[in-house]
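Just so we're on the same page: letters track the sequence lines, and every chain starts at 1.
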Amino acid sequence: MKRLLALLLLALPASAQDRRSGFEDMARETQAMQRDDMQNPGMLWVAEGEDRFNRDCTACHSEASMRGVAARYPAWDEATGAPIDLAGRISACVERHQRVAPPARESQPLLALTAYVAHQSRGLPISRPSDPRLAPALEQGRALYGERRGQLDLSCVQCHDDNAGRRLAGSTIPQAHPTGYPLYRLEWQGVGSLQRRLRGCMTGVRSEPFAYGAAEYVALELFLNDRAAGMLLETPAVRP
Amino acid sequence: MGDIARAVPRRVALALALLLATPARADEAPLTDVPGDAARGRAIVADRTRGLCLLCHAGPIPEERFQGNLAPPLDGAGLRWSAAELRLRLVDGKRLNPDSIMPSYYRVEGLHRVSPAQRGRTILAAQEIEDVVAYLLTLREEPPR
């Protein structure tokens, strides 16, 4: 029994090491683009977010207090009694405290603010969601991740767990660890959220995507963060 | 007739009805009366938005770069399988392996959250399946090693 436990403990770090950020499978030039803040186009969004933060948010928050926040999201939202992701939290904060219409999902202002806040956690490990109230959504996310969908009848598991590292046409299938969101995608020619990326896969398998902000996406984000717990945040990442 | 209907449990009757309503039968006779056209089949296989085949499979279609490697090469398919076997794998390969990642190209039932544009439609039409079968039968060389 003791030996088994020791073996298991030995096996744990190994499996953690097997997890790869999509960064590692990118072309060298794309990696260089992400590494160099002067070249990384995502830093334009971070800079815009910084301006907005300094203008609209510093009455309550400081830059230093934002460090580590993104590593803990999605989190439990007391006001709605539901899990909320970082973009949802920022949007709700604007609405509640600034008494203005909240910025829409995937809008430039919200992406910029989210990129700025998440950037404050660059290099920090993603923490495992620990609030027990998140447990049902975490399980919902796990179920959604394993559920076949669309005309092509594929689940996330079938590509991103079972076939990660293989090539779908010319692209290496990543392990789907959300370490760099919001991130700059060359395909998008812009910064987008994890929800936008999830929609991309859903329409790719010819299924009906959920609406932005849907509980299903937050559940998936929660599950993916749990699965990537301990990996380091890269925001703003660059991806092909 | 009424007696039989009463004797057959409703679930069994439903399963039978579904089986009979399935577009392709288990014996996989041709889906149409028009023989498949291998040239048209090749074009469907090469088309990443119609056949989708090269996203996962490699095949002897050199003008199409960036072929996938999630599934076995198509080369030699005509040596390994008969027309009926190929047809079954295209129509609904999940009858052979429920865990397969290969989409069922001629099945509309049992799918979840299909996008509105594709709902109720098969991935390929019956004649397109016949064309692809005709093309695959021409692939009689093993893949390059």
Verdict with supporting geometry, A/E147 and B/H112, side chain to side chain contact (heavy atoms under 4.5 Å, CB included):
CA-CA 9 Å; A/E147 185 174 71; B/H112 177 60; 3.1 Å; yes
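- Summarising the geometry, atom CZ belonging to B/R107 is positioned 5.5 Å from atom CG belonging to A/D153; distances are rounded to the nearest 0.5 Å.
- The candidate with the highest count of non-hydrogen atom pairs below 4.5 Å against chain A, out of B/S115, B/A117, B/A58, is B/S115.
- The 12-atom threshold is not exceeded at CG of B/D33, counting heavy atoms of other residues, nucleotides or ligands nearer than 6.0 Å.
- With a 4.5 Å cut-off on side-chain heavy atoms, B/V114 and A/S207 do not count as touching.
- Here the CZ atom belonging to A/R206 is positioned 12.0 Å from the CG atom belonging to B/L111, to the nearest 0.5 angstrom.
- Atom CD of B/E85 is surrounded by more than 12 heavy atoms from other residues, nucleotides or ligands within 6.0 Å.
- The line from CG of A/L152 to CG of B/L52 is 6.0 Å long, rounded to the nearest 0.5 Å.
- With a 4.5 angstrom heavy-atom cutoff, B/Q67 touches chain A only via backbone atoms.
- For the set A/Q151, A/R166, A/R149, the entry with the most heavy-atom pairs within less than 4.5 Å of chain B is A/Q151.
- Here the straight-line distance linking atom CD of B/Q118 with atom CD of A/E208 works out to 11.0 Å at 0.5 Å rounding.
- Only the side chain of A/L154 comes within contact range of chain B, with at least one heavy atom under 4.5 Å from a heavy atom of that chain.
- Within the 3.5 Å criterion, the main-chain N or O of A/R167 finds a donor-acceptor partner in the side chain of B/N69.
- In this structure, the portion of B/L54 lying under 4.5 Å from any heavy atom of chain A is its backbone and not its side chain.
- Contacts between B/R119 and chain A at a heavy-atom distance below 4.5 Å involve the side chain alone, from C-beta outward.
- Looking only at heavy-atom pairs under 4.5 Å with chain A, the residue among B/R113, B/M102, B/R121, B/E64 that has the most is B/R113.
- Put simply, of A/A169, A/C159, A/S155, the one with the most heavy-atom pairs under 4.5 Å next to chain B is A/A169.
- Nearest approach of A/Q158 to B/S100, heavy atoms of both residues: NE2-O, 3.7 Å.
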